[in-house]
Amino acid sequence: MEIIQTKRADLNGDGVIDTIYLTGEKEKPQDIFIRNIALEIEDGKTRKITKITFSNNAGYNPRLFIGDFNKDKIDDVMISIDSGGSGGFGFYYIYSFAGNISRMLFDNEEFNQEFKYDVIYKEGCKVQVYSYQLKKTYIIDVSEKQKGIYAEIYNKNCKLLKPTSGFVPGLNNLYPLATDEPGSYNLLAISRVIGLYGADTLGYLETVLEWNGTKFVPRTETLKIN
């Protein structure tokens, strides 16, 4: 086990700076893939260590970000891990330690369960993306692809030849998004809209999340066409 990154902040709100360690294991010193990634908090006053483990605890480039996400004026900890897979997914967790009580504020798996989408190919070389969470529909024009990879599902007049669907596989990236209040952050979640196969990226859903006192909820969502 080795220390990957160290940060210092008052996480429990007692006015004393705590030390935050991100730890993990490598098979060889030169490896960039890290296993058994964990978070360890050393209380600045008592020196007590609190250890947090994750359901997805292996990957690349694990890193910490410190900021107030739940608007209680006390810093929280965000952990980001790149999966390294072809889908470009990331694993993300946010924890609060206010009052010396560890509480998970965000988990990418919960996000993926809540934010579901349908991606359906329609007549006229149009793809409809429907967000169940926001009850919102987006339309993507794919007529420029009709003579290429889409020739099997659209004829030259953009008539749909067979039922076809794409998908949104899950959260790709999560970024802290600064608010007008210093030290306070919302979240920017980015999910890829995939067409016929993995490399066929139709666009990116960008969802701004903010804490409502209980959980992160969507504030806005937009679709950026690829």
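Quick caveat, the model's predicted, so the values are computed rather than measured.
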Could you label the plane-to-plane angle of the [X] and [Y] rings as parallel, tilted or perpendicular, counting under 30° as parallel and over 60° as perpendicular?
X      : Y      : answer
Tyr132 : Tyr130 : perpendicular
Tyr185 : Phe65  : perpendicular
Phe216 : Phe106 : perpendicular

Between [X] and [Y] (side chain of the first, backbone of the second, donor and acceptor by atom type, cut-off under 3.5 Å), is there such a pair?
X      : Y      : result
Ser83  : Phe89  : yes
Thr50  : Lys48  : no
Asn155 : Asn157 : yes
Arg63  : Leu22  : no

Looking only at non-hydrogen atoms, find the nearest pair between [X] and [Y] and report the distance.
X      : Y      : answer
Asp72  : Ser96  : OD2-OG, 4.3 Å
Glu25  : Met1   : OE2-CE, 3.6 Å
Ala151 : Leu161 : O-CD1, 4.1 Å
Lys159 : Glu123 : CA-OE1, 3.3 Å
Gly170 : Asn112 : CA-OD1, 3.4 Å
Gln133 : Pro218 : CG-CG, 4.1 Å

Which residues pass the side chain to side chain donor-acceptor pair (under 3.5 Å) test with Tyr204, not counting sequence neighbours? none

Using only heavy-atom distances, determine whether the side chains of [X] and [Y] contain a donor-acceptor pair under 3.5 Å.
X      : Y      : result
Lys71  : Asn186 : yes
Tyr93  : Ser55  : yes
Glu221 : Tyr138 : yes

Would you kindly confirm whether [X] and [Y] end up in one hydrophobic cluster when ILVMFWY residues are joined by side chain heavy atoms under 4.5 Å apart?
X      : Y      : value
Met78  : Leu39  : no
Ile66  : Ile37  : yes
Phe111 : Ile190 : no
Val217 : Val208 : no
Leu134 : Leu223 : yes

Is any side-chain heavy atom of [X] closer than 4.5 Å to a side-chain heavy atom of [Y]?
X      : Y      : value
Lys26  : Arg35  : no
Asp200 : Lys145 : yes
Leu171 : Phe115 : no
Glu210 : Asn212 : no
Tyr150 : Ser143 : no
Val119 : Ser165 : no
Asp141 : Lys126 : yes
Leu188 : Glu206 : yes

Can you tell me if [X] has over 12 outside heavy atoms packed within less than 6.0 Å of its [atom1]?
X      : atom1 : result
Lys136 : NZ    : yes
Arg219 : CZ    : no
Glu2   : CD    : yes
Tyr21  : OH    : yes
Glu144 : CD    : no

In Å, rounded to the nearest 0.5 Å, how long is the span from [atom1] of [X] to [atom2] of [Y]?
X      : Y      : atom1 : atom2 : answer
Ser191 : Asn108 : OG    : CG    : 10.5 Å
Leu160 : Tyr121 : CG    : OH    : 10.0 Å
Leu174 : Phe91  : CG    : CZ    : 13.5 Å
Ile41  : Ile20  : CD1   : CD1   : 5.0 Å
Ile194 : Leu202 : CD1   : CG    : 8.5 Å
Ile94  : Ser80  : CD1   : OG    : 8.0 Å

Under the side-chain contact (heavy atoms from CB on, under 4.5 Å) criterion, do Glu42 and Arg47 qualify, and how do the steps go? CA-CA 5 Å; Glu42 181 181 1; Arg47 301 304 177 188; 3.3 Å; yes

Test side chain to side chain contact (heavy atoms under 4.5 Å, CB included) applied to Pro62 and Asp82, Ile34, Thr23, Ile79, the passing residue: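 Per the side chain to side chain contact (heavy atoms under 4.5 Å, CB included) rule, the option paired with Pro62 is Ile34, out of Asp82, Ile34, Thr23, Ile79.
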
Worked check of side-chain contact (heavy atoms from CB on, under 4.5 Å) between Trp211 and Asp76: CA-CA 13 Å; Trp211 189 257; Asp76 308 305; over 6 Å; no

Can you tell which of Thr46, Asp75, Asn100 makes a side chain to side chain donor-acceptor pair (under 3.5 Å) with Asn12?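 Testing Asn12 for a side chain to side chain donor-acceptor pair (under 3.5 Å) against Thr46, Asp75, Asn100 leaves exactly one candidate, Asn100.
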
